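Encoded as structure tokens, the structure appears first; notes follow it.
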Number of protein chains: 2
Amino acid sequence: MAQIKDVAKRAGVSVASVSRVLAGHTGVTEATRQRVLEAVQAMDYRPDLAARRLRSRRTDTVGLIVSDIRNPFFTEVSRAVEDMAYQNRMRVILCNADENPEKEALYLDLMRDENVSGVILSPSLPTLAHFRIQDYPFPVVLVDRCDRETTADAVVLDNTDSAYRLTIHLIEQGYRRIAFIYGATSATGRQRQEGYVTAMATHGLETLTQAVPATVDAARIAASELVQGSLFPDALMGSNGLILLGLVEALREARLQFPEQIGLAGFDDLPWTRLVEPGITVIAQPTYDIGQATIELLLQRIAHPSQSVRRVVLRGELRERGSSVRRKDATL
Amino acid sequence: MAQIKDVAKRAGVSVASVSRVLAGHTGVTEATRQRVLEAVQAMDYRPDLAARRLRSRRTDTVGLIVSDIRNPFFTEVSRAVEDMAYQNRMRVILCNADENPEKEALYLDLMRDENVSGVILSPSLPTLAHFRIQDYPFPVVLVDRCDRETTADAVVLDNTDSAYRLTIHLIEQGYRRIAFIYGATSATGRQRQEGYVTAMATHGLETLTQAVPATVDAARIAASELVQGSLFPDALMGSNGLILLGLVEALREARLQFPEQIGLAGFDDLPWTRLVEPGITVIAQPTYDIGQATIELLLQRIAHPSQSVRRVVLRGELRERGSSVRRKDATL
DNA sequence: ATATTATTTGTAAACGATTACATTTTTACT
DNA sequence: AGTAAAAATGTAATCGTTTACAAATAATAT
């Protein structure tokens, strides 16, 4: 492999000049720039990243720690982050924490070892509770999950508002005993639950909430018990795509038709929500935008470490489908 | 930050000894080992990875270049790869090529720059056609996609066989004019098409195939034309999960009920295939296993660069559901 | 006890870039 | 033309490890 000194020799300049040209620095004459570029081309020279990183003490790498890569929300966020990162000549190290605080800690340690320029993190609830930005030697931008207490850059959905609007929609459609099943491991689930509670309160309705681990199976089991128990909800809401999936499974098992026998709505406009007849009413998240906004915020923060803390809140969009149409016996 | 010389000083040994202990080398007495470990602990010493990589010329990093991260198949494969890699103290750089050969080339270059220990690649068709393992300075293991010509380690489904079995299943259920819609960008789609063709041939049936870009929309449009055209297929098959999704959308648009008016089957047992009444018959891929087998193969190859080329073929599992039940007018 | 070998330790030279600083060349101005 | 200032270039130190090699110590055989 060609080294910088070989390139320098061929171009008839010093290694410093080669380095300067490649770094895009000014203070190098156009003539030498051309000769260097030509030599680089001719020898197919590629700088050794390890050497560069050692000397420059920068890695131009960002870490992306997602809670659960199987959740399509995070898949799409990752895609956006990756696209933008590589466009900005940054590398991405992707880690999947599986909603496990220990894994999160492990990966955050790893990011320190890798000396990354910054990290994007969607923290589990325990991690978020203890999270202090100053504990880390790199900028951190939270995505999808944060709370009022944490002072860190973040990009999130308007969780409480969206849940509020979704709940109001159900109420307006005539549902009264609406049950809210939400993921207990994330701040997001909680905030959506708050929006639901607020909406129910404004109409003087009794709340019926159930926290579960954020998995399809857990949601299915919880929903099964709910619909077969003595509480008789007339509608179910799920706080995210996985949970919503579990709810549908439970309704299928219980042979309950929606919206005829029970209403249904939830978060995340996944492809299948349109296919399950007559379609499921959801709050759609602008997932790609969220990812894009997050990496942009991180890059800004890296460029300007002392700029004030920012929180970007994106609005969810209500998509009405058949699962929540007005009840025949509605009495508003 | 503490450096190795600080640790050495505190432990009262040379830097070489510290390095040896940390590398897990033999030839160091238990007493010094303890003192070093103690000092490392006390000072919270973390070796500088850039320096280590520069000197040792190894990165302990593998690259994972997937064709489309939105495809749940690759999500699950990534998960497995990541799990296993970190268990073996390896890092993973994940790249999403979006079925774009140029992006693939770009990322493969990047892998070279990063001096990775090895790469896992699911190549697009053009890349696969030109692929020669000796063009790369690192081991490459193909996943999901390879053909008879390429001599590289690979982990794949028994695509042709699975498609054959799935087609035979439909034929046995009484379907005759079966159309096969498959992704044109991957070897996988083609091989599955072959299996379909073979199965049709053994029963003397006419084939009806349609190659499309591997997206939901492309599949939907192609299927719409098919079912509304003059060819009158009595069943549709999709070569993967995204395409299958497009088929379902097309049938919904055309208001065609399955299996009553048209049969349906495809690849990938995605969560929603159970939910769309009465369930869709699919070939389930052992996705996590595939990922696991792939990274294991890569690690082996890294450890033994000259071992003979291996191809691991995993068997797909036919899951019969309502979308392919026997036609009333079946005349076998 | 001494010679020989095996083991453990230490010293110093890499690894391949970036960059501070010194030096040379060019430009601008009197 | 001569000088000061600015710009371009080059030299060599540096980043923090690993590891080849030399040196010291311990173990074994005579």
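Numbers restart at 1 for each chain; the letters A, B, ... are given by sequence-line order, proteins then strands. Quick caveat: nothing in here was measured; it's all calculated off a predicted structure. Computed over heavy atoms, backbone and side chain alike; hydrogens, waters and symmetry mates excluded.
A residue-by-residue look at Ala50(A) and Gly27(B) shows that Gly27(B) has its nearest nucleotide of DNA chain C further toward the 5' end.
Contact annotation: Arg52(B) side-chain N/O to dT18(D) OP1/OP2 distance is under 4.0 Å. Contact check, Tyr45(B) against dG16(D): no side-chain N or O comes under 4.0 Å of OP1 or OP2. OP1 or OP2 of dG10(C) lies within a sub-4.0 Å distance of a side-chain N or O belonging to Ser14(B). Taking side-chain N and O atoms only, Ser17(B) has a distance below 4.0 Å to OP1 or OP2 of dG10(C). In terms of phosphate contacts, Thr32(B) brings a side-chain nitrogen or oxygen within less than 4.0 Å of OP1 or OP2 of dT9(C). One finds a side-chain N or O of Ser19(B) lying less than 4.0 angstrom from the OP1 or OP2 phosphate oxygen of dT18(D).
Nucleotide dC15(C) holds its P atom 15 Å from the CE atom of Met1(A), rounded to whole Å. Taking atom CG of residue Leu54(A) and atom P of nucleotide dG16(C), one finds them 12 Å apart after rounding to whole Å.
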task = Would you please test Asn96(A) and Tyr107(A) for side-chain hydrogen bond (donor to acceptor under 3.5 Å, both in side chains) and show each step?
result = CA-CA 9 Å; Asn96(A) 169 42; Tyr107(A) 283 133; over 6 Å; no
Stepwise side-chain hydrogen bond (donor to acceptor under 3.5 Å, both in side chains) check, Glu99(B) with Ser124(B) = CA-CA 6 Å; Glu99(B) 301 283 2; Ser124(B) 66; 5.8 Å; no
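The distance from atom OG1 of Thr75(B) to atom CG of Asn71(A), rounded to the nearest 0.5 Å, is 10.0 Å.
Partner of Thr61(A) under the side-chain contact (heavy atoms from CB on, under 4.5 Å) criterion, chosen from Met90(A), Met111(A), Arg53(A): Arg53(A).
Listed nucleotides dT19(C), dG10(D), dT18(D) differ in distance to Ser56(A); the shortest reach to its side chain belongs to dT19(C).
Counting distance only, with no hydrogens placed and no angle test, the side-chain atoms of Arg55(B) and the base atoms of dG16(C) include no donor-acceptor pair under 3.5 Å. In terms of polar N and O atoms assigned as donor or acceptor, the side chain of Arg53(A) never comes within less than 3.5 Å of the base of dG16(D) in a complementary pairing.
Using a 4.0 Å heavy-atom criterion, one finds that Val13(B) contacts the sugar-phosphate atoms exclusively.
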